[in-house]
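Have a look at the structure below, then the notes.
Atoms within each ligand, like the ligands themselves, are counted from 1 in listed order. Nothing here was measured: the structure is a model prediction, and the numbers come from that model.
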Amino acid sequence: MSQPTPTTTTSSSTPWWKTAAIYQIYPASFKDSNGDGIGDLPGIIGKLDYIQSLGVDAIWLCPMYDSPQHDMGYDISDYEAVYAPYGTVADVETLIAACHERGMRILLDLVINHTSDQHAWFKESRSSKTNPKRNWYIWRPARYDADGTRRPPNNWRSTFGGSAWEWDEETQEYYLHLFAVQQPDLNWELSETRVAIYESAVEFWLRKGIDGFRVDTVNMYSKPLDFPDAPVIDPTLDCQPAYSLYCNGPRIHEFLRELGHILQRYNAMTVGELPHTPRMADVLDYVSAKQKQLSMVFQFDLVDIGFGAGLRYDTSPRNWTLSDLRARVARTQALVDGSTDGWSTTFLENHDQARSVSRFGCDDAVTHPELWERSAKMLAMFVASLSGTLFVYQGQEIGMANAPADWDIEEEYKDLDSLNYYNYVKEHRRDDPGALARAKAALAHLARDHGRMPMQWDATPNAGFTTASAKPWMRVHDNYPTLNVKRQVHRPASVLAFWRELLRVRRANAAVFAEGVFADTDASNEAVFVFEKRAVQQKLVVALNFTADRQVVDLAASLGGTYKTLLKNYEEEPLDALQPYEGRIYLVQ
Ligand code: GLC
């Protein structure tokens, strides 16, 4: 990549999404309007004024389609229908109109690597080998050992554990599922299947006026057709992670250009989920403007920090270093430094991640409220000062925290990924006495469940998420009487008020916040992260203390010239020290 050049000012030809802040909603856990314990579309519509008041430009709604909910709606049984507990297609239409009335845009989640096994297409496909839809999914014969034992077609492990192949007794073949057994992979090789996907999952909703899609697992649609075995990463497992084989496959860009043609007709923006793609040149293939595939992608370099390589949760809590984190930031920021025609995103949380205060700050809002609040604001400054389109996940704006570590996993956790892992350790690591305790600690730190707990609206029972007498689908965090929207909404020093101000300041200085060129000032510092963002006429200096201790710094050198403080989370601002979890953003002219 050539020498980065700062972009001039944000011009009117800049697409809306480059400088946007987008708020992600997880329908099950946002707001329940009818007392059945699960969130719904009328609940979301009722909170749109709140969302607008944050100062965001758009919402991204996680899947609200009809689904048996094995994977919280990422297993879709009908693209053109809505999961009944969430509401109806008419409710989505109302939501689209209500967003647009408020000047906000709306993205839906596009899940087209797989469907539910309850989708009519799969039911047909599995009904017989001669069904016209048989090849809409990926079926393969068994392999047999010398002793006649039946084996799956290869050794691939599904993302959620176990083989990626499921035997179908009726038709005597295996089907591929890169995720749960109930999520068979669609066969993108057939143009007939792709046309059906475009018509049902894509255009049905574009015609209703949505502004774009978050595109699920966007790099997995094209599989290597010889389905080779994956290299053995962990010999104790009978199935091996095979991301390097099925991510970024041979025809992926052809497929995405085809999809891109449709999206461009509607002027729709897209943000693809791009896991397991470490090489920047490969990322650029997806988002280079001239390729006309996707507007931007989520790169996982940053949020994947501290995860295990084989089994994701085989890791110890807090095994990340600041130098590693900053290297990951530098790598992903390189895509948006003006040296490429690509674009990217900045985010710390989503529905697949634990809460950022629990991973990188202090999450004890009850006994250490000050540290918690400072760290939530410091992390907000961190993520919002990076270039790219900013995504904020529901609850992040009030500093929501992971579930307490003593919650019973079998009782309170709902995510199949967490539970599969937990049960795997329980069954297969009996001879390792510490294994279960380590698994519990890792899940308490990193499980997807933490981001999926009900939104904490107020201090009434069930945090105002649902009625007092209802049983929420997932347990509400015990800290809700202290940590909730209502307590923060009118308090000028709250995390929520800070986010509002931050988003206002980001928008007012978009050229340097969203499009500035990132430079780390001291990549090896393990306590304090000071970085610069350069635009043509100005630069930001962002100083962040990632520790709970006071740290000595020398900011005078970086500041030079005339500067003003745009945001900070402590009153005093000496240039030679940062207090615990202190953060400051300076604008240097
Ligand atoms: C994506 C989603 C995740 C889901 C998976 C399978 O990673 O974000 O929640 O489980 O795809 O669809």
Among non-hydrogen protein atoms, atom 11 (O) of ligand 1 lies closest to D216 OD1, 2.9 Å
Is there a side-chain contact between L176 and Y137 (heavy atoms, below 4.5 Å)? no
Do D66 and Q118 get their side chains close enough for a donor-acceptor pair, meaning under 3.5 Å? no
Near F160, which atoms of ligand 1 are under 4.0 Å from a heavy atom of that residue? 10 (O)
Side chains of E273 and V218: does their closest heavy-atom pair fall under 4.5 Å? no
Do the two ring centres, one from F391 and one from F298, sit under 6.0 Å apart? yes
Examine D352 against ligand 1 and note whether any of their N/O atoms are separated by less than 3.5 Å. yes
Measure centre to centre between the rings of F30 and W457, then say whether the value is under 6.0 Å. yes
Who's the nearest protein heavy-atom neighbour of atom 7 (O) of ligand 1, and how far? E273 OE2, 2.7 Å
Does one side chain, of S33 or D40, offer a donor that lies under 3.5 Å from an acceptor on the other? yes
Does NZ or CZ of R140 come closer than 6.0 Å to the centre of the six-membered ring of Y174, within 45° of the ring's axis? no
Measure H114 to ligand 1 on non-hydrogen atoms and call it side chain, backbone, both or neither using the 4.0 Å cut-off. side chain
Note: ligand 1 atoms sitting under 4.0 Å from heavy atoms of R448 are 3 (C), 4 (C), 9 (O), 10 (O)
Using a 4.0 Å heavy-atom cut-off, which part of R214 comes near ligand 1: side chain, backbone, both, or neither? side chain
For ligand 1, which atoms sit closer than 4.0 Å to a heavy atom of R452? 9 (O)
Identity and separation of the nearest protein heavy atom to atom 10 (O) of ligand 1: D71 OD2, 2.5 Å
Residue portion contacting ligand 1 (non-hydrogen atoms closer than 4.0 Å) for F300: neither
